[in-house]
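Proteins come first, then strands; the chains are lettered A, B, ... in the order of their sequence lines, and each starts at number 1. Since the model is a prediction, treat every value here as computed from it, not as a measurement.
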Amino acid sequence: MAEIRTRFAPSPTGYLHLGGLRTALYAYLFAKKNGGKFILRIEDTDQEREVPGAVDLIYHSMREAGLTYDEGPDVGGDFGPYIQTQRRDLYLPYAMQLIETGAAYPCFCTKEELQQRRDAATARGEQFKYDKHCLHLSKEETKKRMESGESYVIRQNVPLTGTASFEDALFGHVEVPCDTLDDNVLIKADGLPTYNFANVVDDHLMGITHVMRGTEYISSTPKYNLLYEALGWPTPTYIHLPVVMKDATRKLSKRYGDPSFEDLLAQGYVKEAVINFIALLGWCPKEEREFYTLPELVEAFDLDGLSKSPSIFNMDKLVWFNSEYIKKMPFEDYLTMVTPWFDKALAGKQMDYRRLAELMHTRTEVFDRVPDMVRFLAELPEYEVDIYTHKKMKTDPAISLQALQLARPALEKLDNFGEEPLKECLMALAAENGMKNGQMMWPVRIAISGQLNTPGGATEIAYLLGKEETLCRIDAGIAKLEA
RNA sequence: GGCUCCAUGGUCAAGCGGUUAAGACGUCGCCCUCUCAAGGCGAAAUCAGGGGUUCGAUUCCCCUUGGAGCUGCCA
């Protein structure tokens with residue numbers, strides 16, 4: 001059996017979006033699972049839409065994701081070049097061959113003319129379809145106009161009757177009536193091929209055996225098969241992948257401000273978590289399991305786990321995956337990763353980062369949420385007195401004031417400001433004064449943190465703050481409660 | 001509008017003619033607890049509707065409905 005070759009063929013129009021990443025991931029997994037090759041090809045035939053730097057962004061994202069390709073623009077290979085504009089001269093001969101056999105024809109209609117006719121058709125409430133006007137030009141006239149340097153395109157000559165079809169490994173047989181198909185442009189006036197043509201030619205020339213791409217291509221694939229047939233080439237196996245949605249009706253897209261892969265990494269998502277989550281979005285493994293490393297995904301991947309319907313990108317679940325990955329991370333790794341996020345809120349403060357990291361490790365869902373969670377350590381936030389009142393802790397402003405007034409001198413006398421001594425001190429104080437633990441701990445924690453929820457209890461916070469700052473904040477609390 | 005595709009809880013989804021219709025996220029309880037998390041236990045929640053086929057449909061077929069994609073000298 002021939003070696004399996006799949007490819008990921010993005011256009012350099014910006015960052016790598018999550019739908020694209022998933023398509024790339026599946027193509028990678030399928031190739032690797034079957035001992036085949038995974039290829040990266042840059043489809044930059046639309047010069048107008050190209051965004052400078054986008055190609056490098058794609059390389060970068062692919063590396064970050066761990067999707068190493070066996071062949072590609074920056075790694076080479078036997079089927080290069082892997083950038084379509086660098087292959088520009090390759091396409092025309094095939095187009096000419098198509099013209100010879102009648103499967104294509106030159107067209108001299110200008111964009112403007114076409115647009116007018118399209119608009120007119122729309123105004124009449126009709127669907128515009130190219131009328132094969134230039135197909136009926138005489139050979140002589142065509143030849144003369146081409147040689148005179150007149151601008152022209154080459155169009156696919158789709159039959160007016162019959163049907164075109166293809167077999168999809170996921171969707172099965174897909175067939176469309178030819179009369180609903182338009183004569184697409186194969187070679188543009190600038191000499192570059194359109195996606196419709198470049199794709200067919202390159203997939204064939206590069207020996208791609210399995211074409212994996214989004215379902216947006218499903219309706220034009222029958223037309224591509226017509227091209228393969230006309231060229232006498234074997235068709236690849238098609239596997240169209242459903243799109244990733246933002247919600248029930250909208251596709252995930254940068255236009256709506258949805259994050260790209262790089263955005264997620266910048267926000268503090270762990271790349272392994274993103275890959276893991278993406279993999280399970282539209283594909284389900286055979287076994288009852290949800291945590292997979294990339295190599296494990298390769299091992300587990302199979303086509304019949306693929307879903308046919310679009311799936312909604314569930315941010316909540318990504319967050320959950322991310323927090324799970326963070327929790328499983330060795331502590332030292334976590335400390336390294338979280339340190340810059342601590343710095344954002346605590347820069348310049350003397351703080352036991354290691355202890356803070358211990359407290360934060362199971363509380364971190366996404367790294368960019370860390371600064372807001374620890375900022376109170378740098379500066380006591382403004383807070384309302386009513387947060388001293390907590391029903392379950394049985395506290396109110398009066399009890400809180402009493403607790404703080406008791407705690408203040410006791411803590412001042414405490415030489416060892418470690419968590420254990422702090423705890424013993426405050427607990428003992430509560431017991432001596434007939435208070436419940438919560439009636440002592442809650443007010444102290446509120447006074448020294450100024451907020452309802454904190455990553456750690458009163459003693460941990462007091463330790464992190466240190467004696468001086470703790471006493472200072474308790475004083476502020478007392479003043480606030482007395483006011 | 002035309003063509004194509006899709007349809008199990010709020011979301012991701014298992015299921016591939018006979019099941020108490022898995023599991024996960026989220027939600028809601030309870031436990032633990034110096035707050036919040038984490039952890040443990042538990043609960044609610046799904047086969048879009050209508051026709052067939054069949055002894056029997058979530059599962060196969062048709063229609064309706066809903067959604068998506070395509071309908072560019074974009075990919």
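- Within the 4.0 angstrom heavy-atom criterion, base atoms lie near A:Val153.
- Taking the C1' atom of each, B:rA57 and B:rG49 are spaced 16 Å apart, rounded to whole Å.
- Under the Watson-Crick and G-U wobble criteria, each requiring two contacts below 3.5 Å, nucleotide B:rC12 is paired to B:rG23.
- Atom CD in A:Glu358 sits about 21 Å away from atom P in B:rC36, given to the nearest Å.
- Counting any heavy atom pair closer than 4.0 Å across all strands shown, A:Glu43 reaches sugar-phosphate atoms only and no base atom.
- Using a 4.0 Å heavy-atom criterion, one finds that A:Cys109 contacts the bases of the nucleic acid, with or without backbone contacts as well.
- Remark: A:Arg289 fails to qualify as a cation-pi partner of A:Phe291 under the 6.0 Å distance and 45° angle criteria applied to the six-membered ring.
- Because its NZ or CZ atom is both nearer than 6.0 Å to the ring centre of A:Phe108 and within 45° of the ring axis, A:Arg145 counts as a cation-pi partner of that residue.
- Taking atom NZ of residue A:Lys251 and atom P of nucleotide B:rG67, one finds them 18 Å apart after rounding to whole Å.
- Base contact: A:Leu452 has a heavy atom under 4.0 Å from a base atom.
- The phosphate of B:rC34 (OP1 or OP2) has no side-chain N or O of A:Lys394 nearer than 4.0 angstrom.
- Of the candidates B:rG26, B:rC6, B:rA24, the closest approach to any side-chain atom of A:Lys317 belongs to B:rA24.
- Going from the C1' atom of B:rU46 to that of B:rC25 covers 15 Å, rounded to whole Å.
- Within 4.0 Å of A:Thr180, counting heavy atoms only, lie sugar-phosphate atoms of the nucleic acid but no base atom.
- In the interface, the side chain of A:Lys392 is paired with the base of B:rU33 through a donor and an acceptor atom under 3.5 Å apart.
- Checked against B:rU35, B:rC73, B:rA75, the side chain of A:Ala189 finds its nearest nucleotide in B:rC73.
- Figure legend: A:Lys327 and A:Tyr334 shown without cation-pi pairing, the cationic atom not lying both under 6.0 angstrom from the six-membered ring centre and within 45 degrees of its axis.
- A salt bridge is defined here as a Lys NZ or Arg NE, NH1 or NH2 lying under 4.0 Å from an Asp or Glu carboxylate O, and A:Lys246 with A:Asp258 meets this definition.
- Contact annotation for A:Arg289: no contact, since no heavy-atom pair falls under 4.0 Å across all strands.
- Of all nucleotides present, none satisfies the Watson-Crick or G-U wobble test against B:rA57 with each distance under 3.5 Å.
- Nearest to the side-chain atoms of A:Ser11 among the listed nucleotides B:rA75, B:rC25, B:rC73 stands B:rA75.
- Ring geometry, A:Tyr353 versus A:Phe342: the interplanar angle exceeds 60°, so the pair is classed perpendicular (tilted spans 30 to 60°).
- Residue A:Ser311 places at least one side-chain N or O closer than 4.0 Å to OP1 or OP2 of B:rA13.
- When the P atom is used for both B:rU59 and B:rC74, the distance is 44 Å, rounded to whole Å.
- Within the nucleic acid shown, A:Thr215 comes within 4.0 Å of sugar-phosphate atoms alone, with no base atom in reach, counting heavy atoms only.
- For residues 83-92 of chain A, the salt bridge (charged side-chain N to carboxylate O under 4.0 Å, His left out) pairs, not counting sequence neighbours, are A:Arg87-A:Asp202.
- Between the P atom of B:rU33 and the CG atom of A:Asn453 lies a distance of 19 Å, rounded to the nearest Å.
- For A:Thr459 against B:rC34, a side-chain-to-base donor-acceptor contact under 3.5 Å is present.
- When heavy atoms are screened at a 4.0 angstrom cut-off, A:Pro10 is found touching no nucleic acid atom at all.
- If you take atom P in B:rG39 and the same atom in B:rA44, they sit 23 Å apart, rounded to whole Å.
- The CH2 atom of A:Trp320 sits 9 Å away from the P atom of B:rA24 (whole-angstrom rounding).
- As rounded to the nearest Å, B:rC5 and B:rG40 have C1' atoms that lie 45 Å from one another.
- Classified by interplanar angle (parallel below 30°, tilted 30° to 60°, perpendicular above 60°), the ring pair A:Phe331/A:His361 is tilted.
- Among the atoms of the strands shown, only primed sugar atoms or phosphate atoms (P, OP1, OP2) are found under 4.0 Å from some heavy atom of A:Met393.
- Between A:Lys308 and the phosphate of B:rA68, there is no side-chain N or O to OP1/OP2 separation shorter than 4.0 Å.
- Aromatic ring centres of A:Tyr238 and A:Tyr224 lie farther apart than the 6.0 Å criterion allows.
- Within 4.0 Å (heavy atoms only), A:Gln451 reaches no atom of the nucleic acid at all.
- Nearest to the side-chain atoms of A:Asn314 among the listed nucleotides B:rG10, B:rC3, B:rA24 stands B:rG10.
- The listed nucleotides are B:rA75, B:rA68, B:rC70; the one nearest the side chain of A:Thr249 is B:rA68.
- Considering only side-chain N and O atoms, A:Lys286 lies nowhere under 4.0 angstrom from the phosphate OP1 or OP2 of B:rA14.
- The interatomic distance linking A:Lys436 (NZ) with B:rC34 (C1') rounds to 13 Å, in whole Å.
- Here A:Ser309 does not reach the OP1 or OP2 of B:rC5: none of its side-chain N or O atoms lies under 4.0 Å away.
- If you check every strand for non-hydrogen atoms under 4.0 Å, A:Thr45 touches sugar and phosphate atoms only.
- Among the protein residues, A:Phe321 comes within range of no part of the nucleic acid, since none of its heavy atoms lies under 4.0 Å from any strand.
- Side-chain polar atoms of A:Asn196 and A:Lys223 form no donor-acceptor pair below 3.5 angstrom.
- Separating the C1' atom of B:rG29 from that of B:rA45 is a span of 15 Å, rounded to the nearest Å.
- The residues A:Arg473 and A:Glu469 are annotated as salt-bridged, a charged nitrogen and a carboxylate oxygen being separated by less than 4.0 angstrom.
- For A:Lys188, counting side-chain heavy atoms from C-beta on, the closest listed nucleotide (B:rA13, B:rC73, B:rC12) is B:rC73.
- Look at the P atom in both B:rU20 and B:rU58: the space between them is 14 Å, to the nearest Å.
- Atom pair A:Phe376:CZ and B:rU35:C1' shows a separation of 10 Å (rounding to whole Å applied).
- Among the protein residues, A:Gly456 comes within range of the nucleic acid bases, having at least one heavy atom under 4.0 Å from a base atom.
- Judged by atom type and distance alone, A:Gln127 does not reach the base of B:rG2 through any side-chain donor-acceptor pair under 3.5 Å.
- Between the CD1 atom of A:Ile387 and the P atom of B:rC36 there is a distance of 13 Å, rounded to whole Å.
- Base pairing of B:rC3 is made with B:rG69, judged by Watson-Crick or G-U wobble geometry with both donor-acceptor distances under 3.5 Å.
- Only the C1' atoms considered, B:rC30 is 28 Å distant from B:rA13, to the nearest whole Å.
- Per the geometry, CH2 belonging to A:Trp283 stands 20 Å off P belonging to B:rG23, to the nearest Å.
- As judged by a 4.0 angstrom heavy-atom cut-off over every strand, A:Ala248 is placed among residues touching the sugar-phosphate backbone only.
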